[in-house]
Each structure stands twice: as structure tokens, then as C-alpha cells.
Student: 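Please see the structure below; I have some questions.
Computed from a predicted structure; not experimentally measured. We name chains A, B, ... by the order of the sequence lines, and we start the count at 1 in each one.
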There are 2 protein chains.
Amino acid sequence: MEKTPARLRRVPSRLLGLAAAQADRVVNSGFAELDARKWHYSALVALHDSGPASQAELSDRTGIYRSDLVAVINELAERGLVERTPDPDDRRRNVISLTEAGREQFVRLEAALVAMHEELLAPLTEAEREQLIDLLVKLVFPQ
Amino acid sequence: MEKTPARLRRVPSRLLGLAAAQADRVVNSGFAELDARKWHYSALVALHDSGPASQAELSDRTGIYRSDLVAVINELAERGLVERTPDPDDRRRNVISLTEAGREQFVRLEAALVAMHEELLAPLTEAEREQLIDLLVKLVFPQ
DNA sequence: GCTATTGCGTTAGTGGCACTAACGATGTAA
DNA sequence: TTACATCGTTAGTGCCACTAACGCAATAGC
């Protein structure tokens with residue numbers, strides 16, 4: 001990409017794709033060291049900050065599709081980080097709740113993520129990082 | 001994603017992923033109407049702005065992997081937008097060059113892309129768009 | 001001139017992510 | 001009770017970034 005035409009270098013959609021790929025590389029490899037991936041983190045955050053939930057509600061909280069969430073919960077349950085128990089009040093539902101191990105893993109992932117962002121955002125100053133986040137929030141969650 | 005925990009909403013790597021997905025949706029569907037996809041655009045820009053090139057050099061200019069470029073050139077050639085001719089000076093190489101139809105398609109894609117970005121970046125002011133682009137450039141092409 | 005290395009285009013395949021379709025089972029409303 | 005909606009689940013699609021390995025052609029070192 002050395003000789004990339006100048007025109008191409010400032011195409012916003014392309015920049016977003018490249019930046020996201022870069023972020024994915026950092027985050028995937030960082031989480032992999034902790035036997036996790038980013039969806040695990042999303043689910044653990046949602047459970048930690050808003051308490052136990054059905055899979056449907058967890059999907060709503062995290063933006064992970066119901067269909068993909070099945071595998072995520074499977075993986076988290078295998079590792080003993082969450083528990084999947086049938087909801088007695090509604091037999092269609094599972095209640096997903098954090099275990100103690102899950103809470104510990106959450107703390108580890110949170111710390112790892114801070115380090116990863118330090119690496120990812122290294123070219124930006126603190127003020128620029130805030131700016132970028134604000135702009136992205138505006139873009140992704142408009143209004 | 002209504003009840004997404006506040007903590008999750010400002011994770012930079014996540015925001016970049018969401019923004020890129022949003023951009024991909026807009027750009028894929030927009031280019032699809034012109035029987036193209038974003039890689040076609042990248043290749044056409046590179047050929048238009050820097051002239052004919054081998055596939056290897058085109059890969060370098062666009063950031064598209066050599067292996068993926070094969071299909072892109074196939075698709076462009078099928079549509080009569082580029083020509084793939086053996087390089088007489090180096091029989092390992094193909095020289096890829098724009099056809100007249102390719103130049104016309106490039107103009108169409110360029111115009112379509114402007115409209116797509118208008119849609120994608122609608123929540124941002126002109127100044128904010130410039131800011132975002134500058135920050136992403138800094139992030140993606142540091143130094 | 002021969003050989004080893006490097007570069008070329010190509011094929012095949014991987015894994016993550018976003019997303020759709022359809023299913024059986026269970027709940028809720030008309 | 002019949003119709004409809006929701007739940008978790010399975011399967012599958014398409015794009016993207018990336019890797020591995022191939023045969024062939026060119027080049028560099030001896």
C-alpha cells in the first residue's frame with residue numbers, strides 16, 4: 001500500500017474498514033491470550049453491569065444476534081464463566097448469570113482491553129482519542 | 001441494543017467495528033446497484049490515477065491481497081472494464097489496463113460513492129467529517 | 001551455464017463477523 | 001381454542017482479511 005493513490009487514502013468508508021481490521025487484529029490476539037474473544041467480553045460486560053438476563057435480552061444489550069449468541073454462551077458456559085439455567089417463570093427462556101470465575105475473567109478482560117486500546121490508539125493524543133470516540137458515537141448511535 | 005451498558009457504548013474497537021459494518025452495508029448495497037463492489041472501485045481508482053500495472057503492483061497500490069485480486073480482475077475483465085494482457089518484458093506478469101468502459105464505470109462509481117458517504121456521514125457536520133477522516137488517517141497510516 | 005533464490009499469478013482454504021431463514025417448543029391474546 | 005408472537009437453536013450465506021502452497025518465469029551468485 002505504499003503507492004496507494006492519494007484519492008484512495010481518504011475515502012471514509014475505506015478508512016473505517018482499515019481501522020476496524022486493525023482493531024480486530026489487536027483485540028482478537030489480545031483476547032486470545034486469555035482464551036476469549038470480543039463477544040465474550042461484550043456478554044460479560046452486559047451481565048456484570050446489568051445483571052442476569054435471558055439470551056434474548058442479552059442479545060438486545062450486546063447487539064450480538066440471537067443465533068450467534070448461542071455459541072457464545074456455550075463457550076462461556078464450557079469455561080465455567082456463566083451459568084445457563086431454565087427460567088421457571090417462562091419455560092422458553094434460559095437465565096444466564098455470571099459465576100465468580102466469570103466475574104474474575106471479566107476483570108482480566110477489562111484490564112487487557114485497556115492495554116490493547118493503548119496499543120491501538122498509540123498514534124493519537126488523549127484529546128484526539130476522545131474526539132474520535134465522540135465522532136464515532138455520533139455516527140453509530142445518531143441523535 | 002437499546003439497553004446496551006454505557007461502558008460498552010464507548011469502547012473504541014467496538015465503535016470502529018460497528019461504524020465499519022455500517023459503512024460496508026451502505027457501500028455494498030450502493031455499489032451492487034452498479035454491478036460492482038468496493039474492491040472494484042479500489043482497483044479502478046488505482047488504474048485510473050496511476051496507470052496500467054501488473055497484478056502485484058496493483059495489489060500494492062490497493063492493499064488487496066494478491067490472492068483476492070485474481071477474482072477482482074476476473075470480474076472486471078468479464079465486464080469489459082479492464083484488459084489483462086501478458087507482459088512481453090516479463091512473461092510472469094499480466095499488464096492490467098483500463099478500457100474506455102472501465103473509465104466510464106469509474107466515473108459512475110466515484111459519483112455513487114460521494115452519495116453513499118453523504119448518507120453514511122449524515123449525522124456529522126462538514127467540519128466533523130474532516131476531523132474524523134484526519135483522525136482515521138493518523139490511526140491507519142501513522143508517522 | 002547451472003543452480004538457488006526470488007517474484008509472479010493462481011487455487012484452495014480458514015476463521016471471524018453480520019445477517020437470514022426456518023424449526024419446535026412455549027407463552028399470550030382474540 | 002385457535003391464532004399469533006417469542007424463545008432458543010441449527011444451518012447456511014456472503015464478505016473480508018489472511019495463509020499456504022503450487023508451477024512457472026526471471027534473476028543473482030557461483
Student: Under 4.0 Å, counting only non-hydrogen atoms across every strand here, what does Asn94(B) touch: a base, just sugar-phosphate, or nothing?
Tutor: sugar-phosphate
Student: Report yes or no: is there a donor-acceptor pair, N or O only, under 3.5 Å between the side chain of Asp90(A) and the base of dC7(D)?
Tutor: no
Student: Please classify the nucleic acid contact of Ser67(A) as base, sugar-phosphate, or nothing, using heavy-atom distances under 4.0 Å.
Tutor: base
Student: May I have the distance from Gln22(A) (atom CD) to dC16(D) (atom P), rounded to whole angstrom?
Tutor: 18 Å
Student: Among the nucleotides dA17(D), dC7(D), dT10(D), which one has an atom lying closest to any side-chain atom of Ala21(A)?
Tutor: dA17(D)
Student: Could you state the atom-to-atom distance from CG of Asp60(A) to P of dT6(D) in whole Å?
Tutor: 12 Å
Student: Would you mind telling me which residue lines up with the more 5' stretch of DNA chain C, Ile73(B) or Asp24(A), judged by nearest nucleotide?
Tutor: Ile73(B)
Student: With the side chain of Asn28(A) defined as its heavy atoms from C-beta on, choose the nearest nucleotide among dC18(D), dT9(D), dG16(C).
Tutor: dG16(C)
Student: Test: ring pair (Phe, Tyr, Trp, His ring centres under 6.0 Å). Region: residues 62-120 of chain B. Which pairs qualify, not counting sequence neighbours?
Tutor: His48(B)-Phe106(B)
Student: For Ala19(B) versus Leu139(A), what's the shortest heavy-atom pair and its separation?
Tutor: CB-CD2, 4.3 Å
Student: OP1, OP2 of dG8(D) versus side-chain N and O of Arg93(A): anything below 4.0 Å?
Tutor: no
Student: Assuming nearest nucleotide by heavy-atom distance, tell me which of Asn74(A) and Gly17(A) is located more 5' along DNA chain D.
Tutor: Asn74(A)
Student: Does Lys3(A) reach the side chain of Glu57(B), with side-chain heavy atoms less than 4.5 Å apart?
Tutor: yes
Student: Atom OH of Tyr65(B) and atom C1' of dT14(C): how far apart are they, to the nearest Å?
Tutor: 13 Å
Student: Between dG16(C) atom C1' and Leu69(A) atom CG, what is the distance in whole Å?
Tutor: 16 Å
Student: Can you measure Asp89(A) atom CG to dC7(D) atom P for me and round it to whole angstrom units?
Tutor: 14 Å
Student: May I ask you to check whether over 12 heavy atoms, not counting those of Glu33(B), lie within 6.0 Å of atom CD?
Tutor: no
Student: Specify the separation, in whole Å, of atom CD1 of Ile64(B) and atom C1' of dG9(C).
Tutor: 15 Å
Student: Using heavy-atom distances to pick each residue's nearest nucleotide on DNA chain C, tell me which of Arg66(A) and Arg92(A) is more 5'.
Tutor: Arg66(A)
Student: In whole Å, I'd like the distance from the CG atom of Asp87(B) to the C1' atom of dA25(D).
Tutor: 12 Å
Student: Rounded to whole Å, how long is the line connecting atom CH2 of Trp39(B) with atom P of dG14(D)?
Tutor: 15 Å
Student: Let's go through Ile64(A) and Leu58(A) carefully: what are the C-alpha distance in whole Å and the side-chain angles of both, what is the deciding distance for side chain to side chain contact (heavy atoms under 4.5 Å, CB included) to 0.1 Å, and is it a yes or a no?
Tutor: CA-CA 8 Å; Ile64(A) 303 172; Leu58(A) 215 47; over 6 Å; no
Student: Taking only side-chain N and O atoms of Gln55(A), does any of them lie within less than 4.0 angstrom of OP1 or OP2 on dT9(D)?
Tutor: yes
